[in-house]
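These notes are about the structure you will find just below.
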Amino acid sequence: MDILTEEEAIAIQKELRQQVITTDELPAQIQIIAGTDVEYDKDSDLIAGSIVLLDAGTLQVIAVATHVMEVTFPYIPGLFSFREMPPLLKAWEKLPFQPDLIVCDSQGQAHQRRFGMACHFGVTIHKPVIGCGKTRLCGEYHDLEEERGSIAPLIENGEHIGNALRTQKGINPVFVSTGHKISLATATAQVLQLCTQYRLPETTRLADHYGRLALLDYKKNV
DNA sequence: GCGACAG
DNA sequence: ATCTTGTCGC
């Protein structure tokens, strides 16, 4: 029932990845920063895309947009964006205004074809996007120190595709990589700055929270 | 062929 | 993603 075959999706990735910009092309002053996440319903195929807009200085929530729909693509490692982007793009259209920078809860360049969801989302909406995943998809890293702020390069085939970043002392790292229009160094510094109290950036935590509420609310009103 | 494998 | 509370260890 998939609209696209696996081969077609891979061909699209190889085409679009040429549009990815891995250098800083973002405002000098970030005013509004966004977080995205997608929630899954455990007993149906409903998913909720969630985008939160935060004041970059205070990290207070300024706006939230969500969209609930049925999944349209299976989970295939490497083709994640084809599964989670549809609800996110719908939520994106519902935002009252656009953020200066977005943090996605998955990989960007730290992907087997250097085109994770953060890249796909970025080139689609033409905005700076950071990929920040909870677990590793590909690449290896070594010797990550225990201190908050410690960084170890994620390497695949000799390429530096991302960073393992320890956001809290003694806690498992997150995996940061360029999505679009931002350098790895800037992306890594931004993510650390967003992890004020927990392992994950506040953007991701808040998007997860509102996405979960949206899913519950949708099921209640059916 | 075998293992690994974002959410 | 989801199943899932208390518990073991620093």
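Proteins come first, then strands; the chains are lettered A, B, ... in the order of their sequence lines, and each starts at number 1. For the numbers below, each heavy atom of this structure counts, side chains included, while hydrogens, waters and symmetry mates do not.
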Worksheet item: Is A:Tyr75 stacked on the base of B:dG7, with ring centres under 5.5 Å apart and planes under 30° apart?
Response: yes
Distance-only polar pair, side chains of [X] and [Y], donor-acceptor under 3.5 Å:
X        : Y        : result
A:Asp105 : A:Thr204 : no
A:Lys127 : A:His180 : no
A:Tyr40  : A:Glu84  : yes
A:Asn163 : A:Thr188 : yes

Distance in angstrom units between [X] [atom1] and [N] [atom2], rounded:
X        : N     : atom1 : atom2 : answer
A:Phe82  : B:dC5 : CZ    : P     : 22 Å
A:Asn157 : B:dA4 : CG    : C1'   : 15 Å
A:Leu154 : B:dA4 : CG    : C1'   : 14 Å
A:Leu79  : B:dA6 : CG    : C1'   : 11 Å
A:Asp45  : C:dT2 : CG    : C1'   : 14 Å
A:Glu39  : B:dG7 : CD    : C1'   : 10 Å
A:Arg83  : C:dT2 : CZ    : P     : 12 Å
A:His120 : B:dG7 : NE2   : P     : 18 Å

Practice prompt. Output all residues satisfying side chain to side chain contact (heavy atoms under 4.5 Å, CB included) with A:Asp100, sequence neighbours left out; order by chain, then residue number.
Written response: A:Pro27, A:Ile30, A:Gln31, A:Ile32
Practice prompt. May I ask you to check whether A:His120 and A:Phe82 place their ring centres under 6.0 Å from each other?
Written response: yes
Discussion item. Taking any heavy-atom pair under 4.0 Å as a contact, classify A:Gly170: base, sugar-phosphate, or nothing.
Written reply: nothing
Practice prompt. Could you run through DNA chain C and flag its stems, i.e. three or more consecutive Watson-Crick or G-U pairs with both distances under 3.5 Å?
Written response: none
Fill in: Residue A:Tyr40, side-chain heavy atoms: nucleotide from C:dA1, C:dC3, B:dC5 that is nearest
C:dA1
Practice prompt. With a 4.0 Å heavy-atom cut-off, tell me which residues in residues 100-117 of chain A come close to DNA chain B, sorted by residue number.
Written response: A:Asp105, A:Ser106, A:Gln107, A:His111, A:Gly116, A:Met117
Worksheet item: Which of residues 125-137 of chain A sit near DNA chain B, with a heavy atom under 4.0 Å from it?
Response: A:Gly133, A:Lys134, A:Thr135, A:Arg136, A:Leu137
Worksheet item: Are the side chain of A:Arg17 and the backbone of A:Arg113 linked by a donor-acceptor contact shorter than 3.5 Å?
Response: yes
Any side-chain heavy atom of [X] sitting closer than 4.5 Å to one from [Y]?
X        : Y        : answer
A:Pro86  : A:Met69  : yes
A:Met85  : A:Thr72  : no
A:Gln107 : A:Val176 : no

Fill in: Dot-bracket encoding of pairs in DNA chain B, which uses [ ] for pseudoknotted crossings and | for another strand, Watson-Crick or G-U under 3.5 angstrom
.......
Worksheet item: Knowing that exactly one of A:Leu194, A:Val191, A:Ile130 qualifies, which makes a side-chain contact (heavy atoms from CB on, under 4.5 Å) with A:Thr203?
Response: A:Leu194
Quick one: side chains of residues 136-156 of chain A, donor-acceptor pairs under 3.5 Å with protein atoms, not counting sequence neighbours, listed by atom name and distance.
| residue | atom | partner | partner atom | Å |
| --- | --- | --- | --- | --- |
| A:Arg136 | NH1 | A:Gly139 | O | 2.7 |
| A:Glu146 | OE2 | A:Arg166 | NH2 | 3.3 |
| A:Arg148 | NH1 | A:Thr167 | O | 2.9 |
| A:Arg148 | NH1 | A:Cys195 | O | 2.8 |
| A:Arg148 | NH2 | A:Leu192 | O | 3.3 |
| A:Ser150 | OG | A:Glu145 | O | 3.4 |
| A:Ser150 | OG | A:Glu147 | O | 2.7 |
| A:Glu156 | OE1 | A:Arg114 | NH1 | 2.9 |
| A:Glu156 | OE1 | A:Arg114 | NH2 | 3.0 |

Worksheet item: When rounded to the nearest 0.5 angstrom, what distance separates CZ in A:Arg83 from OH in A:Tyr75?
Response: 9.0 Å
Worksheet item: Is the number of heavy atoms from other residues, nucleotides or ligands under 6.0 Å of A:Lys14 NZ greater than 12?
Response: no
